[in-house]
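Order of listing sets the numbers, starting from 1, for every ligand and every atom in it. Each residue takes its place number in the sequence, starting with 1. What you are looking at is a predicted structure, and each value in this text was computed from that prediction instead of being measured.
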Amino acid sequence: MQQVAQTVEPRGRIDEIWGERTPFAAGAGWPVRVDSHLTVPEADVEGWVQSACVLCSNGCALDIAVAEGRIVGVRGRAVDRINHGRLGPKGLYGWQANHSPDRLTRPLVRRDGRLDETTWDEALDLVASRTRHVLNDTGPSALGFYTTGQLFLEDYYTLGVIVRGGIGTNHLDGNTRLCTATADFALKETFGSDGQPGSYTDFDVCDTLFLVGHNVAETQTVLWMRMLDRLHGPDRPRLVVVDPRRTVPAREADVHLAIRNGTNLALLNSIQHELIANGWVDEAFVGAYTVGFEKLRQTVIEYPPERAAEICGVAADDIREAARIIGTAKRLVSTCLQGVYQSHQATASACQLNNVNLLRGMIGKPGCAPFQLNGQPTAQNTRETGADGDFAGMRNWQNLDHVRELAQHWNVDPLDIPSWAPPTHAMQIFRLCEEGSIKFLWIVGTNPAVSLPELHRIRAILEQERLFVVVSDAFLSETAQLADVVFPAAIWGEKTGTFTNQDRTVHISDKAVEPPGEAKPDMEILIEYAKRLDLVDNDGAPLIKWSSPEACFDAFKRMTRGRPCDYSGLTYEKLRGGSGIQWPCTPEAPDGTERLYTDHRFNTDTDYTEDYGHDLLTGGSHERKHHAELGPAGRAVLKHAHHTDPYEPIRDEYPFLLVTGRTVYHWHTRTKTGRAPELQAAAPDAWVEIAPGDADALGVAEGDLVRVTSPRGSVEARARVSGIRDGVVFVPFHYGYWDTSDGHEPNGRPRAANELTLTAWDPVSKQPIFKTAAVKVERIGDGDGSAPAPMQTASAPAGSR
Ligand code: SF4
């Protein structure tokens with residue numbers, strides 16, 4: 001890594017989102033630029049504590065500045081491989097939420113319809129006794145746990161062991177189901193296991209970037225800085241962007257394919273059609289290291305550019321040009337994210353992105369990788385620890401030997417670990433709560449009353465008398481307001497732990513300050529719960545054998561030995577002082593592993609694979625015998641599927657396609673970023689983006705109040721006439737009701753995007769669909785100036801950039 005090129009005091013980094021350019025050529029190394037934001041003079045900082053940002057999946061390393069027992073700022077870590085010192089607006093300003101005056105400081109219990117403060121003993125006793133009652137009365141399947149992508153590895157692993165090894169319910173999932181379930185499944189389908197094949201250093205040396213449904217400039221701001229510095233460098237990579245909005249990357253692209261939402265698969269099939277038709281396939285690689293080519297060929301042959309152009313609503317020549325750029329690349333990095341993952345053929349489409357790199361033989365070497373990116377900062381750990389629909393250590397729930405290994409690590413009976421059916425996905429957990437078969441639901445660090453689809457339904461589920469709802473959170477979120485018990489949680493900066501970003505880089509985050517009041521780390525809350533339930537192992541010893549994060553990490557890393565996510569060579573000590581380290585990190589690879597599959601041997605041996613695969617169209621789960629018959633035996637699997645139309649077609653009454661998404665200034669439901677003054681001021685309220693032609697037809701001008709209605713509900717917000725595709729409207733999903741007089745639901749103006757979205761999911765990953773819903777738009781009031789939408793991002797007014 002180069003030495004520090006400059007130190008930036010990022011005043012105005014709300015406006016200068018990506019900061020100054022530090023261009024570089026392929027292989028020259030990304031220059032260091034240290035970004036910081038302090039609320040006191042630097043001389044007043046008493047100490048710097050190592051950490052990383054938890055406001056997206058990039059995982060930018062930073063040091064937390066502390067003075068008088070409070071966080072007073074942050075500074076990017078120059079030494080770290082992820083960000084080389086840089087931070088984006090959320091990283092620079094978002095930490096202020098820690099000191100928000102409305103942090104929860106004491107447990108709450110519901111009495112006579114109100115949430116009252118109480119003691120930890122009373123709250124924990126109540127939750128434990130309710131758990132025991134449900135266990136005795138109905139059994140473990142009446143208990144559900146819904147967690148997040150924002151805790152630390154140690155919190156998740158403790159949760160996973162309690163739920164799968166102790167309580168024995170199958171109903172455990174994360175809100176990672178909403179953000180990265182498809183990444184997880186696409187990696188398993190193609191390569192046999194989860195785990196990003198490539199490394200961020202691949203962006204430094206590639207000659208072509210292919211971004212599909214991925215507004216990286218806003219969702220992983222610092223990764224975009226890295227790409228932008230290559231794009232402004234001496235040997236600019238070529239750039240193809242697929243997005244219905246005119247995002248900042250789209251403005252930089254050689255080809256921008258503004259496809260109709262819900263048509264990713266047709267486009268990616270067509271690009272593969274062109275790769276095959278023009279002889280741009282590395283036949284030796286495909287023959288030696290993959291299976292499934294012939295079936296893939298027979299599928300994509302039906303997608304010549306003219307047909308895809310009709311389905312996707314873009315020009316056939318633009319598809320051809322995109323395919324030519326990809327087909328003639330020498331070092332290709334492809335990425336995808338929510339535009340793919342939150343669509344109806346999510347896994348099928350994400351697998352095609354893997355195929356593109358496999359057909360080109362571009363994987364396992366510098367500058368060549370498909371990236372199935374993550375949404376949340378610690379989503380990778382939810383998957384690795386088994387705190388979602390996966391089994392710990394990337395084990396296969398259908399493989400009895402894998403279940404036995406887990407039982408051995410936990411010293412429990414393998415039959416007590418629920419493996420008789422696929423782990424229950426989040427949407428199904430809420431369905432079981434709705435039906436009444438789940439009677440106890442613990443929601444940890446997430447806000448489904450704003451983030452799940454079809455909110456009127458979710459609110460009704462959480463409000464049921466017969467469902468006992470526990471919420472652990474730092475704030476009285478819309479969801480916490482509906483709980484029976486609320487535990488005040490310590491958050492980032494107030495506890496020690498580790499987490500892993502989307503290129504497998506593990507960071508440590510040390511405790512910098514005390515949590516407010518009586519708030520506790522989630523791991524401690526869970527251990528207290530396990531003690532009260534008297535959860536024990538086969539020898540009668542406590543099931544949870546650790547009381548410190550480091551001891552938990554040591555137990556976790558032993559459990560990962562020999563699995564794809566092998567942490568066995570990592571220690572807290574090793575993670576302190578320098579850069580984050582990429583797993584697998586073992587005694588044999590003590591410095592970590594930059595790139596997977598460098599020998600082109602994939603994790604697809606039937607005995608080793610994390611998943612036996614699925615039918616991409618129906619979601620039907622394959623069994624061991626199917627996988628053995630296919631016999632990939634270390635080769636990657638080229639999966640194939642035909643395009644189908646989205647579940648909810650546009651029609652006369654609902655003529656627009658809705659897409660929901662994020663802005664650079666906010667994170668999820670704004671529980672943190674809405675409490676950081678600079679971020680909240682930059683994007684204070686919801687808005688509706690609409691194309692100029694559609695706005696004209698409806699008589700809508702910039703800033704007018706419009707109502708967007710779907711068959712499930714409506715949203716009212718100011719209109720931003722932007723560069724979005726005709727026939728598509730965009731609403732950001734960050735805005736709920738906690739900071740309005742409405743509390744947890746729209747008693748007044750509805751503004752949560754998920755009032756509109758539908759209860760439906762991808763058949764394989766079960767990821768809910770947020771990118772295709774049919775809506776109508778009406779003008780309901782005059783404007784009084786511009787919409788409260790950012791001006792420089794994908795939301796920029798039409799024609800302004
Ligand atoms: S890019 Fe993501 S991890 Fe990095 S500072 Fe921004 S929000 Fe934080």
Exercise for review: Give the residue and atom name of whichever protein heavy atom lies nearest to atom 2 (Fe) of ligand 1, and the separation in Å to one decimal.
Suggested key: C56 SG, 2.3 Å
Revision key, fill the gap. Per-atom filter on ligand 1: closer than 4.0 angstrom to a heavy atom of G59 are 3 (S)
Check your understanding: Is it true that Y735 and H666 have ring centroids separated by less than 6.0 Å?
Key -> yes
Practice item. Give a yes/no answer: is there an N/O/S atom of C53 under 2.8 Å from atom 4 (Fe) of ligand 1? Key: no
Revision key, fill the gap. Tested for salt bridge (charged side-chain N to carboxylate O under 4.0 Å, His left out) against R383, the lone hit among D390, D173, D194 is D194
Review point. Going by distance alone, is a donor N or O of one side chain under 3.5 Å from an acceptor N or O of the other, for T201 and E594?
Key: yes
Point to revise | Row check, W48 ring normal vs R77 NZ/CZ: under 6.0 Å, within 45° | key: no
Review point. Can D229 and R21 be counted as an ion pair, charged N to O under 4.0 angstrom?
Key: yes
Exercise for review: Starting from atom 4 (Fe) of ligand 1, find the nearest protein heavy-atom neighbour and note its residue, name and distance.
Suggested key: C60 SG, 2.3 Å
Revision key, fill the gap. Near T221 (heavy-atom distance under 4.0 Å), the atoms of ligand 1 are 1 (S)
Revision key, fill the gap. Ligand 1 atoms nearer than 4.0 angstrom to some heavy atom of K90 are 7 (S)
Review point. Any idea which protein heavy atom is nearest atom 1 (S) of ligand 1, and the distance to it?
Key: V222 N, 3.4 Å
Review point. Which of the numbered atoms in ligand 1 are below 4.0 angstrom from a heavy atom of L55?
Key: 7 (S)
Practice item. Closest by any non-hydrogen atom to atom 5 (S) of ligand 1: pick that one out of G88, P89, G94. Key: G88
Review point. Out of Q220, R245, R662, which residue meets the side-chain contact (heavy atoms from CB on, under 4.5 Å) rule with N215?
Key: R245
Study note, to complete from the structure: From the list F152, W492, F553, ring pair (Phe, Tyr, Trp, His ring centres under 6.0 Å) partner of F499 resolves to F152
Practice item. Give the numbers and elements of all ligand 1 atoms closer than 4.0 Å to a heavy atom of G91. Key: 5 (S)
